[in-house]
There are 2 protein chains.
Amino acid sequence: MASDGEAPKGAQTLLNGLALVRLVADGVRDVPTLQERTGLRRSTLYRLVQTLRGEGYLRDTPHGLSLGPTLIELGFGALSSNPLASVAGAHLQALADEVRDTVHLAVEDHGSVLYLVKIPGQRGAEMRSRVGQRMPLTRTGIGKALLLDARERWVERWRAEGPADEAAASPSARRAGEAAEEDFVARMEHYRAGGYSYDMEENEPGIRCVAAPVRDGSDAIVGAVSISATAPYMPAERMRELVPRVQGAAADISAEMGYRGRRR
Amino acid sequence: MASDGEAPKGAQTLLNGLALVRLVADGVRDVPTLQERTGLRRSTLYRLVQTLRGEGYLRDTPHGLSLGPTLIELGFGALSSNPLASVAGAHLQALADEVRDTVHLAVEDHGSVLYLVKIPGQRGAEMRSRVGQRMPLTRTGIGKALLLDARERWVERWRAEGPADEAAASPSARRAGEAAEEDFVARMEHYRAGGYSYDMEENEPGIRCVAAPVRDGSDAIVGAVSISATAPYMPAERMRELVPRVQGAAADISAEMGYRGRRR
DNA sequence: CAATCGCGTCCCATATAGTCGGACGCATGG
DNA sequence: CCATGCGTCCGACTATATGGGACGCGATTG
């Protein structure tokens with residue numbers, strides 16, 4: 001409320017407090033850093049931090065501030081109160097046992113992929129992914145599955161998540177970028193027709209994945225399932241074979257979510 | 001700020017917002033209910049709820065309000081940034097593989113047990129416990145392990161958690177209650193000497209457990225490990241055999257937490 | 001060893017920002 | 001058809017959060 005003319009319209013004190021939680025989640029460990037990140041005064045910060053500590057949202061460790069136990073309680077509560085996650089569990093486990101690779105369930109939230117379930121694979125290196133972690137929609141197989149229906153967002157999301165350097169766009173880089181964008185849209189069109197999606201090491205070199213969307217009673221995509229593994233376990237042929245498997249698991253979960261086949 | 005003369009001294013707006021999150025976590029699903037629980041006015045509530053929705057702490061479902069995706073993100077972040085939980089993982093898995101029963105890791109938080117890790121057993125009925133769940137300290141094996149050092153809190157906690165009906169205490173019930181309290185203290189004294197604790201179906205009929213505390217570099221108890229199973233799998237003899245096993249796992253974790261043997 | 005710096009806490013005056021109360025629109029149901 | 005309850009918006013009031021500053025403390029530095 002000082003530099004730029006934003007209008008947060010709402011409850012500043014609450015927003016300020018939640019902003020502190022976010023900053024700590026992002027690795028800020030001491031109040032001075034919070035001060036330079038938020039612009040709030042010391043006394044204000046300490047009061048807010050004390051309140052958050054008291055409620056268990058933050059806690060003190062030998063190394064400084066960190067997220068508190070209440071968040072663990074609420075986070076797992078949020079997960080288990082999510083019908084998708086609880087309904088999907090058994091189906092995902094069955095899929096995981098069958099394919100022996102890492103299985104994920106994710107939803108879209110705030111323009112990114114949010115993992116709800118991860119079942120680590122039984123071979124190869126373990127993926128660094130974690131439940132509660134966020135990933136870009138257009139770079140992951142599971143994210144593309146979540147976007148399948150939203151043709152109008154493909155380009156928008158691609159551009160938002162795409163170039164690491166927006167400012168520095170040399171003419172040649174721009175040309176390459178446009179080509180990549182067209183390529184992305186073309187692939188999405190293909191996936192959309194097939195009702196599945198791939199990740200060919202775009203997000204993480206050496207990691208490939210096959211994904212399919214989960215739908216609910218209104219036909220809307222409410223989540224997605226994926227199988228991921230290191231490239232040696234994921235030759236093109238196997239990926240092709242996995243498509244119906246992932247789709248099967250996704251269909252089972254969709255059924256439990258009230259999906260009764262594509263209408264229209 | 002109306003009925004009783006409390007002095008919340010802090011940041012009301014923030015506290016009000018967090019109180020809403022708690023209420024939703026406790027099952028409140030609509031604003032009218034929030035109103036009667038908090039005493040806040042409709043307009044205030046809607047503003048706070050909107051803010052919390054915007055930040056992903058709450059979300060709307062067909063059935064009303066529920067905890068939002070941000071809490072999943074933060075909750076799992078809190079867990080993985082907890083040294084105890086991340087360090088313990090491998091040791092707990094090893095223990096679980098060995099004993100084939102349910103293994104828990106918990107800490108004390110705000111006067112109750114908070115589970116950080118649960119590894120379901122490979123036989124018998126699955127326990128209903130969940131990571132992020134809270135349990136009474138004096139009724140669970142793992143809670144007693146957390147209390148081992150704090151002799152001065154035994155009675156206090158027992159009384160706080162003990163009688164389901166404080167008001168209605170008939171003379172005879174009171175007598176029985178006092179006997180139970182003395183019995184509890186005696187058992188705790190015994191456990192303290194042995195460095196372990198039991199749960200003989202006190203918390204959940206049919207469930208028994210063996211637990212041991214985890215310590216850090218300052219000798220303080222920072223957590224506890226337990227093995228739980230249904231009574232048929234837990235005859236007295238086996239519980240005795242499990243004591244050194246749990247203690248071993250707890251010791252391994254303690255070592256990683258900086259524990260170097262009991263000083264003093 | 002003294003002096004300085006940065007952190008954490010507390011207090012108080014000010015005006016900002018949250019609360020309240022009510023009006024309005026809409027859907028539901030009697 | 002009217003009545004009831006939910007969700008949103010608005011403006012006035014003042015309760016409440018803010019920020020400036022004083023204080024104590026421990027660590028760091030000269």
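Bear in mind the structure is a predicted one, so any value in this text is a computation, not a measurement. What's counted below: heavy atoms across the whole structure, side chains too, no hydrogens, waters or symmetry copies. Residue numbers start from 1 in every chain, and the chains themselves are labelled A, B, ... in the order their sequence lines are given, proteins ahead of strands.
In this structure, A/Leu48 places its CG atom 13 Å from C1' of D/dG19, rounding to the nearest Å. Taking atom CD on B/Gln35 and atom C1' on C/dT19, their separation rounds to 13 Å, with Å as the unit. Per the geometry, CZ belonging to A/Arg29 stands 19 Å off C1' belonging to C/dG8, to the nearest Å. Remark: C1' of C/dT19 and CD of A/Gln12 are 14 Å apart, rounded to the nearest angstrom. Counting to the nearest Å, the C1' atom of C/dG22 and the CZ atom of B/Arg47 are 15 Å from each other. Atom P of nucleotide C/dG21 and atom CG of B/Leu40 are separated by 12 Å, given to the nearest angstrom. Whole-Å rounding puts the A/Leu14 CG to C/dT19 P distance at 9 Å. Remark: P of D/dC13 and CZ of B/Arg41 are 18 Å apart, rounded to the nearest angstrom.
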Atom pairs, N/O to N/O, protein against nucleotides 25-27 of chain D, distance under 3.5 Å?
none

Any N/O pairs under 3.5 Å between the protein and nucleotides 3-7 of chain D? List them or say none.
{"residue": "D/dG7", "atom": "OP2", "partner": "B/Tyr46", "partner atom": "OH", "Å": "2.4"}
{"residue": "D/dG7", "atom": "O5'", "partner": "B/Tyr46", "partner atom": "OH", "Å": "3.3"}
{"residue": "D/dG7", "atom": "O6", "partner": "B/Arg42", "partner atom": "NH2", "Å": "3.0"}

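Taking the side chain as every heavy atom from C-beta outward, B/Glu108 and B/Val113 never approach each other to under 4.5 Å. Side chains of B/Gln133 and A/Ile72 form no contact here, defined as non-hydrogen atoms less than 4.5 Å apart. Between B/Leu116 and B/Asn82, the closest side-chain pair of non-hydrogen atoms falls below 4.5 Å.
Both tests pass for A/Arg139 against the ring of A/Trp158: distance under 6.0 Å to the centre and angle within 45° of the axis.
In this structure a side-chain-to-backbone donor-acceptor pair under 3.5 Å is missing from B/Thr44 to B/Leu40.
Dashed line: the shortest gap from a side-chain N or O of B/Asn16 to OP1 or OP2 of C/dT19 is under 4.0 Å. For B/Thr13 and C/dA17, the shortest distance from a side-chain N or O to OP1 or OP2 is not below 4.0 Å.
Nucleic acid contact class of A/Thr44 (heavy atoms, under 4.0 Å, all strands): base. Heavy atoms of B/Ser43 sit under 4.0 angstrom from at least one base atom.
Using modelled atom types, one finds a donor on one side chain and an acceptor on the other under 3.5 Å when comparing B/Arg130 with A/Ser80. Between the side chains of A/Asp30 and A/Thr33, a donor-acceptor pair is found at a separation under 3.5 Å.
Between B/Glu204 and B/Arg128 there is a salt bridge, since a side-chain N of the basic residue sits under 4.0 Å from a carboxylate O of the acidic one.
Annotation: B/Phe76 is in aromatic contact with A/Phe76 [ring centroid separation under 6.0 Å].
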